[in-house]
Engineer: 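The structure under discussion is supplied below as structure tokens; questions concerning it will follow.
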Amino acid sequence: MRRTGAFTTGVIIAALLALSGCARAPLGTVPMAERDAIEASLMRDIRTLASDEFGGRRPGTLGEELTLAFITKELQVAGFSSGTNDPGSEWRAPVPLVGTQPATSTIALKIGRREVTLDAAGAAAFTSRRRSLVEGAEISFVGDLSDSVSDEAIGGKVVIMLGEPGVSPERRRTLFEKNPAAIITVVANEDAIASTLSAFGNERFLLASEETSNLSGFATRAEMAKALGEERWEQLLAAAEEDGFEPVNVKGQATIEATSVRREFTSSNVIGVLPGAVPGSGAVLLLAHWDHLGECGDAESDDLICNGAVDNASGIAVILELARRLAATGPHDRDIYVLATSAEESGLLGTKAFIDAPPMPLDTIVAAFNFDTVALAPAGSPVGFIGEGRTPLDDLIRQALIEGDRQLGNKELAERFVQRQDGWALLEQGVPAVMLTTAFGSEIVLGPYLSNDYHRASDEVDNIELGGAIDDLLLHQELVKRAADTEFYPATGG
């Protein structure tokens, strides 16, 4: 573990105070001994959560049970009560999940009398069902269209769409709403298919309530040219580039079959509450996801466990330490909830389950603060403000940053992650949710982690940096105190 770098800052502050009796230390400054105690507490919790015993904290494993028990115990010791609002399910709120892992797939196109089965190295199909089959369906080529395609043009047909990195998932979602029999996304080459197989190859989780019967296929341009005929395929590609292009019915039939290994189980969010002194005044929500990937290391490596020390044992550790400090400095006017979410890695699923069955009306949450991947930056680093400009919290946050002599980080960098964290699911429901962290304040800090350790077995405790995380914790302690104070922050909801 590297030094937090707070010593130099502490010495400077002490010197300034000695020179001027009326000088005031920046907001969130605490004695060095207190920072050391916070660091020790964070390290203890991160080491526990990121230990091999917890197995990478994958939902539906023993690692989940150990994680839930640890978080619950720590919240109880801190003075929190169960926040589920359900006496039959104290502390744990259910997250019904479906786990699916691809097994087999076949994609075949029949054009005239010629039938071609696409090669497995260049094509694959996926379903969340045990078996999905589309047999002898008509084919419609839509190019890169989505919103403008009518239901009648593709309903019941196998749709062939052109893939585009970063855009294809939303395009597929839009097209699936028009009830096609299946969608084949055409990608560049076999490397792209290999990436798809890697992304879909491990067990994936879905919320049981959101499961669909969608049948998705992927094929390379070369395989599509082989199946349709190179001349016809080039004609379709050229047509797709013309102004006013509309879906083209391809004379032929498609048969697609996919099977998967499937299991249904219930994971859990942990919800604790520190009751406020002013009933009915709303709530402040603190959230962090507890899950990680389990085993995701290289099959040939001696270390298969992805322990997720930074992502997100660090976020849970910070939220637990913050809970202890808030409980010790209460009472606060508003309820303060702590939410540890499941299955964030699979698409913010735990937060979506919370939204489906919240223990309080969502519009009574006056502020939500998310903690994710926080242990990267040294002390004194700029703060990444994820969610800036999207909530009524901006003035509250900016004032605290000014008083704390804290600088905002790279806004463009922060903006890239708005939809990639649990707060996004809350923002979509009108809940004022933000994420403030030094880890996302600079590409210099975040970039090496994303390139080298993110979602890899190398995300270990020895690589974390807690200086910025402690700064983040102290900033949030003040922000929560202010947001939970009905006179200081007289909001009535999001």
Side-chain angles (χ1 to χ4, degrees), residues 27-28 282-289 311-312 314-316 318-319 322-323 326 332 334-341 344 348 350-352 354-355 358 360 362-377 381-404 406-442 445-446 468-469 471-485 488-489 491-494:
L27 182 70
V284 177
L285 177 66
L286 313 177
L287 68 155
H289 74 90
D311 180 19
N312 187 35
S314 67
I316 290 293
V318 168
I319 209 173
L322 181 56
L326 290 169
H332 307 276
R334 294 188 169 103
D335 298 337
I336 297 174
Y337 280 84
V338 167
L339 168 65
T341 64
E344 184 271 351
L348 320 183
T351 304
K352 292 178 181 178
F354 172 85
I355 289 168
M360 83 294 276
L362 292 178
D363 62 4
T364 65
I365 301 174
V366 303
F369 300 98
N370 187 30
F371 299 80
D372 193 348
T373 309
V374 299
L376 292 175
S381 296
V383 179
F385 187 170
I386 298 175
E388 183 179 6
R390 287 178 164 83
T391 76
L393 297 171
D394 283 18
D395 289 344
L396 178 77
I397 291 167
R398 290 195 186 101
Q399 184 60 34
L401 290 171
I402 291 171
E403 293 180 30
R406 305 293 302 279
Q407 302 298 314
L408 279 176
N410 186 324
K411 184 172 183 177
E412 292 183 2
L413 175 65
E415 190 68 19
R416 281 164 38 195
F417 292 90
V418 172
Q419 298 185 33
R420 293 180 57 182
Q421 45 89 36
D422 274 325
W424 175 249
L426 295 168
L427 277 171
E428 287 190 303
Q429 303 300 316
V431 177
V434 298
M435 190 165 87
L436 300 160
T437 170
T438 51
F440 289 76
S442 166
V445 169
L446 184 62
D471 288 347
D472 295 344
L473 188 155
L474 296 172
L475 171 64
H476 280 88
Q477 182 176 350
E478 185 62 32
L479 285 171
V480 174
K481 283 172 55 181
R482 294 181 180 192
D485 186 325
F488 190 94
Y489 191 69
T492 57

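For the single chain, residues carry numbers from 1 onward in sequence order.
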Engineer: If every non-hydrogen atom of Pro382 is compared with every non-hydrogen atom of Gly409, which pair is closest and at what distance?
Structural biologist: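 Taking Pro382 first and Gly409 second, the nearest heavy atoms are CB-CA, 3.7 Å.
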
Engineer: Could you measure the distance from the CG atom of Leu362 to the OG1 atom of Thr364? Nearest 0.5 Å is fine.
Structural biologist: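 Going from the CG atom of Leu362 to the OG1 atom of Thr364 covers 7.5 Å.
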
Engineer: Once you round to the nearest 0.5 Å, how far does CD of Glu428 lie from CG of Leu348?
Structural biologist: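 The CD atom of Glu428 sits 8.5 Å away from the CG atom of Leu348.
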
Engineer: What distance separates Leu393 CG from Tyr489 OH, expressed to the nearest 0.5 Å?
Structural biologist: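 Going from the CG atom of Leu393 to the OH atom of Tyr489 covers 4.5 Å.
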
Engineer: Between Glu415 and Arg390, is the closest basic N to carboxylate O distance under 4.0 Å?
Structural biologist: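 Yes, this pair counts.
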
Engineer: Below 30° counts as parallel, above 60° as perpendicular, anything between as tilted: where do the rings of His476 and Phe369 land?
Structural biologist: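 Because their plane-to-plane angle is over 60°, the rings of His476 and Phe369 count as perpendicular.
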
Engineer: Quick check: closest heavy atoms across Leu339 and Ile319, and the distance to 0.1 Å?
Structural biologist: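 Looking at all heavy atoms of both residues, the shortest contact is O-CD1, 4.4 Å.
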
Engineer: Quick one: closest heavy-atom pair of Gly387 and Asp394, and the distance?
Structural biologist: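 Minimum heavy-atom separation between Gly387 and Asp394: O-OD1, 4.5 Å.
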
Engineer: Measure the shortest side-chain to side-chain distance between Val284 and Ile365 over non-hydrogen atoms and say whether it is less than 4.5 angstrom.
Structural biologist: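 No; the side chains remain at least 4.5 Å from each other.
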
Engineer: Between Glu403 and Arg482, does any NZ, NE, NH1 or NH2 come within less than 4.0 Å of an OD or OE carboxylate oxygen?
Structural biologist: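 Judged by the 4.0 Å cut-off on N to carboxylate O distance, Arg482 and Glu403 do form a salt bridge.
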
Engineer: Decide side-chain contact (heavy atoms from CB on, under 4.5 Å) for Val431 and Leu427; before the verdict, give the C-alpha distance in whole Å, the side-chain angles of both, and the deciding distance to 0.1 Å.
Structural biologist: CA-CA 5 Å; Val431 177; Leu427 277 171; over 6 Å; no

Engineer: Measure the shortest side-chain to side-chain distance between Glu388 and Val418 over non-hydrogen atoms and say whether it is less than 4.5 angstrom.
Structural biologist: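 Contact flag for Glu388/Val418 side chains = no.
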
Engineer: I'd like to know whether Leu286 forms a side-chain contact (heavy atoms from CB on, under 4.5 Å) with Leu322, so could you lay out the CA-CA distance, the side-chain angles of the two residues, the decisive distance to 0.1 Å, and finally the verdict.
Structural biologist: CA-CA 9 Å; Leu286 313 177; Leu322 181 56; 3.8 Å; yes

Engineer: Does a side-chain N-to-carboxylate-O contact under 4.0 Å join Arg420 and Glu344?
Structural biologist: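 Looking at Glu344 together with Arg420, the answer is no, because their closest N to O distance does not fall below 4.0 Å.
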
Engineer: Look up atom CD1 in Ile336 and atom CG in Leu326, then write down how far apart they are to the nearest 0.5 Å.
Structural biologist: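 That separation rounds to 5.0 Å.
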
Engineer: Show the nearest heavy-atom pair for residues Ala483 and Arg334, with the distance to one decimal.
Structural biologist: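 Between these two residues, the closest heavy atoms are O-NH1, 2.6 Å.
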
Engineer: Will you find, in the side chains of Asp422 and Thr341, an N or O donor that is under 3.5 Å from an N or O acceptor?
Structural biologist: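 Indeed, the side chains of Asp422 and Thr341 share at least one donor-acceptor pair under 3.5 Å.
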
Engineer: Should Leu287 and Asp372 be marked as a side-chain contact (heavy atoms from CB on, under 4.5 Å) after you check the CA-CA gap, both sets of side-chain angles, and the distance that decides it?
Structural biologist: CA-CA 9 Å; Leu287 68 155; Asp372 193 348; over 6 Å; no

Engineer: In Å and rounded to the nearest 0.5 Å, what is the CE to OG1 distance from Met435 to Thr437?
Structural biologist: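 Answer for the CE-OG1 pair, Met435 versus Thr437, is 6.0 Å.
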
Engineer: Does the side-chain contact (heavy atoms from CB on, under 4.5 Å) test come out yes or no for Asp471 and Val383, once each step is laid out?
Structural biologist: CA-CA 9 Å; Asp471 288 347; Val383 179; over 6 Å; no

Engineer: So does Gln407 have more than 12 non-hydrogen atoms from other groups sitting under 6.0 Å from CD?
Structural biologist: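 Check fails, neighbour count at 12 or below.
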
Engineer: Answer yes if the side chains of Gln421 and Asn370 hold a donor-acceptor pair under 3.5 Å, and no otherwise.
Structural biologist: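 Side-chain D/A pair, Gln421 to Asn370: present.
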
Engineer: Testing the basics here: between Asn312 and Phe371, what is the closest heavy-atom pair and its distance to 0.1 Å?
Structural biologist: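 The pair with the smallest heavy-atom distance is ND2-O, 3.0 Å.
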
Engineer: Can you tell me how far apart OG1 (Thr373) and CG (Leu446) are? Round to the nearest 0.5 Å.
Structural biologist: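 If I round to the nearest 0.5 Å, the distance is 8.0 Å.
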
Engineer: May I ask you to check whether His289 and Asp311 show a side-chain donor-acceptor distance below 3.5 Å?
Structural biologist: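 Judged by distance alone, the side chains do pair up.
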
Engineer: Distance alone, cut at 3.5 Å: any donor-acceptor contact between the side chains of Thr438 and Asp472?
Structural biologist: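 Their side chains do contain a donor-acceptor pair, which is all the 3.5 Å distance test asks for.
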
Engineer: How close do Ile386 and Ala414 get, heavy atom to heavy atom, and via which atoms?
Structural biologist: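 Taking Ile386 first and Ala414 second, the nearest heavy atoms are CG1-O, 3.7 Å.
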
